[in-house]
Amino acid sequence: MEREACHGCGAPHGRPVVRGSRLHFSLSHSGRLILVAFAAEPVGVDIEQVASSQAVEQARNALHPAECQELDTLPEARRPRVFTEIWTRKEAYLKMLGSGLLRDTRLDRVGTGRPGRTGVTGAKLTSVPVPSGYAAALCVSVSA
């Protein structure tokens with residue numbers, strides 16, 4: 001295994017790659033769960049435990065403005081779950097791009113996966129079924 005060049009500084013600590021192979025992979029862990037994906041194209045995954053209401057309020061400024069509006073339309077009790085769904089989709093997308101959290105998280109509207117609620121192009125972004133109390137997402141680059 002080796003690392004691609006970092007999008008921020010160019011040093012070799014970017015996305016992990018399998019040396020001598022066209023295979024791409026991504027991994028994430030949270031609590032007792034691990035999520036791993038392998039693909040022929042760049043791929044990103046993320047899994048997170050559902051955020052607390054306090055964490056949602058502290059981190060909501062890291063979302064795209066339309067994602068914040070989407071959260072505001074929900075009953076307060078549903079916001080932690082939906083926020084975590086948005087966040088895992090966002091991290092999976094940013095991992096697939098290879099930028100990770102170096103890219104401004106407010107730039108891309110990944111939404112919750114409901115039709116018409118995403119601005120992502122060039123990638124297939126999917127929520128992944130996981131046990132209650134978690135949210136997870138997978139993002140794979142698609143060739144035009």
Side-chain angles (χ1 to χ4, degrees), residues 1-9 12-18 21-144:
M1 184 187 87
E2 59 187 40
R3 297 280 193 158
E4 291 182 344
C6 171
H7 281 259
C9 69
H13 57 88
R15 178 183 21 218
V17 294
V18 178
S21 172
R22 292 180 28 103
L23 184 67
H24 296 266
F25 73 96
S26 181
L27 63 96
S28 180
H29 63 88
S30 182
R32 297 179 9 211
L33 299 180
I34 297 171
L35 185 61
V36 181
F38 297 91
E41 302 293 332
V43 62
V45 295
D46 190 48
I47 186 167
E48 302 283 341
Q49 290 180 304
V50 172
S52 68
S53 295
Q54 181 181 10
V56 172
E57 287 309 310
Q58 291 173 346
R60 68 179 286 125
N61 65 345
L63 299 179
H64 185 278
E67 293 165 344
C68 288
Q69 289 175 349
E70 192 171 349
L71 276 181
D72 290 341
T73 66
L74 299 172
E76 202 165 313
R78 289 207 49 229
R79 291 178 189 170
R81 173 77 195 170
V82 173
F83 171 86
T84 308
E85 290 171 359
I86 293 169
W87 189 257
T88 59
R89 291 169 61 83
K90 191 172 293 284
E91 278 210 51
Y93 176 68
L94 296 175
K95 285 180 176 183
M96 183 277 305
L97 289 178
S99 65
L101 294 174
L102 289 175
R103 182 176 171 89
D104 186 344
T105 58
R106 297 169 295 183
L107 292 177
D108 304 294
R109 181 182 185 188
V110 298
T112 60
R114 291 169 181 84
R117 303 272 177 136
T118 181
V120 172
T121 57
K124 180 171 173 67
L125 186 53
T126 307
S127 294
V128 175
V130 288
S132 179
Y134 290 86
L138 164 73
C139 188
V140 180
S141 177
V142 293
S143 302

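For reference, positions follow the sequence shown, starting with 1.
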Participant: Compare all side-chain heavy atoms of Val110 with those of Ile86 and state whether any distance is below 4.5 angstrom.
Facilitator: yes
Participant: Rounded to the nearest 0.5 Å, how far apart are OG of Ser30 and CG of Leu35?
Facilitator: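 Those atoms lie 10.5 Å apart.
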Participant: For Gly31 and Tyr134, work out which heavy atoms get closest and say how close.
Facilitator: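 Where Gly31 meets Tyr134 most closely, the heavy atoms are CA-OH, 3.7 Å.
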Participant: Under a 4.5 Å cut-off applied to non-hydrogen side-chain atoms, are Arg89 and Ser127 in contact?
Facilitator: yes
Participant: Considering only heavy atoms from C-beta outward, does the side chain of Val128 approach that of Ile47 to under 4.5 Å?
Facilitator: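 With C-beta onward as the side chain, the pair stays apart.
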Participant: Determine whether Trp87 and Leu63 satisfy the following criterion, side chain to side chain contact (heavy atoms under 4.5 Å, CB included), listing intermediate values before the conclusion.
Facilitator: CA-CA 8 Å; Trp87 189 257; Leu63 299 179; 4.1 Å; yes
Participant: Could you tell me which non-hydrogen atom of Glu41 sits nearest to which non-hydrogen atom of Val140, and how far apart they are?
Facilitator: CB-CG1, 4.2 Å
Participant: Roughly how far, to the nearest 0.5 Å, is the OG atom of Ser99 from the CG atom of Leu107?
Facilitator: 9.5 Å
Participant: Testing Arg79, Lys90, Arg60, Arg106 for salt bridge (charged side-chain N to carboxylate O under 4.0 Å, His left out) with Glu67, which one passes?
Facilitator: Lys90
Participant: Work out which heavy atom in Asp46 is nearest to a heavy atom in Ser28; give both atom names and the distance.
Facilitator: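 That would be OD1-OG, 3.1 Å.
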Participant: When you measure from the side chain of Thr112 to the backbone N and O of Val82, does any donor-acceptor pair fall under 3.5 Å?
Facilitator: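 Not confirmed, Thr112 side chain does not pair with Val82 backbone.
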Participant: For the CG atom on Leu23, are there more than 12 heavy atoms of other groups (residues, nucleotides or ligands in this structure) within a distance under 6.0 Å?
Facilitator: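 More than 12 heavy atoms, drawn from other residues, nucleotides or ligands, come within 6.0 Å of this atom.
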Participant: Would you compute the distance between atom OG of Ser52 and atom CD of Glu57 and round it to the nearest 0.5 angstrom?
Facilitator: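 Those atoms lie 10.0 Å apart.
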Participant: At what distance, to the nearest 0.5 angstrom, does CG of Leu101 lie from CD of Glu91?
Facilitator: 5.0 Å
Participant: Please report the closest heavy-atom contact between Ser53 and Pro80, naming both atoms and the distance.
Facilitator: OG-CG, 3.6 Å
Participant: For the CG atom of Asp104 and the NE2 atom of His64, what is their distance to the nearest 0.5 Å?
Facilitator: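 Nearest 0.5 Å value for the CG-NE2 distance: 10.0 Å.
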Participant: To the closest 0.5 Å, what do you measure between CG (Leu27) and CD1 (Ile34)?
Facilitator: 8.0 Å
Participant: Which atoms form the tightest heavy-atom contact between Glu70 and Gly111, and what is the distance?
Facilitator: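 Between these two residues, the closest heavy atoms are OE1-CA, 4.1 Å.
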Participant: Salt bridge or not for Glu85 and Arg81, using N-O below 4.0 Å?
Facilitator: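 Looking at Arg81 together with Glu85, the answer is yes, because their closest N to O distance falls below 4.0 Å.
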Participant: Which atom names give the shortest non-hydrogen contact between Gln58 and Asn61, and what distance separates them?
Facilitator: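 Distance-wise, the nearest heavy atoms are O-OD1, 3.6 Å.
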Participant: For the residue pair Val45 and Phe25, establish whether any side-chain heavy-atom pair is separated by less than 4.5 Å.
Facilitator: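 Sidechains of Phe25 and Val45: no contact.
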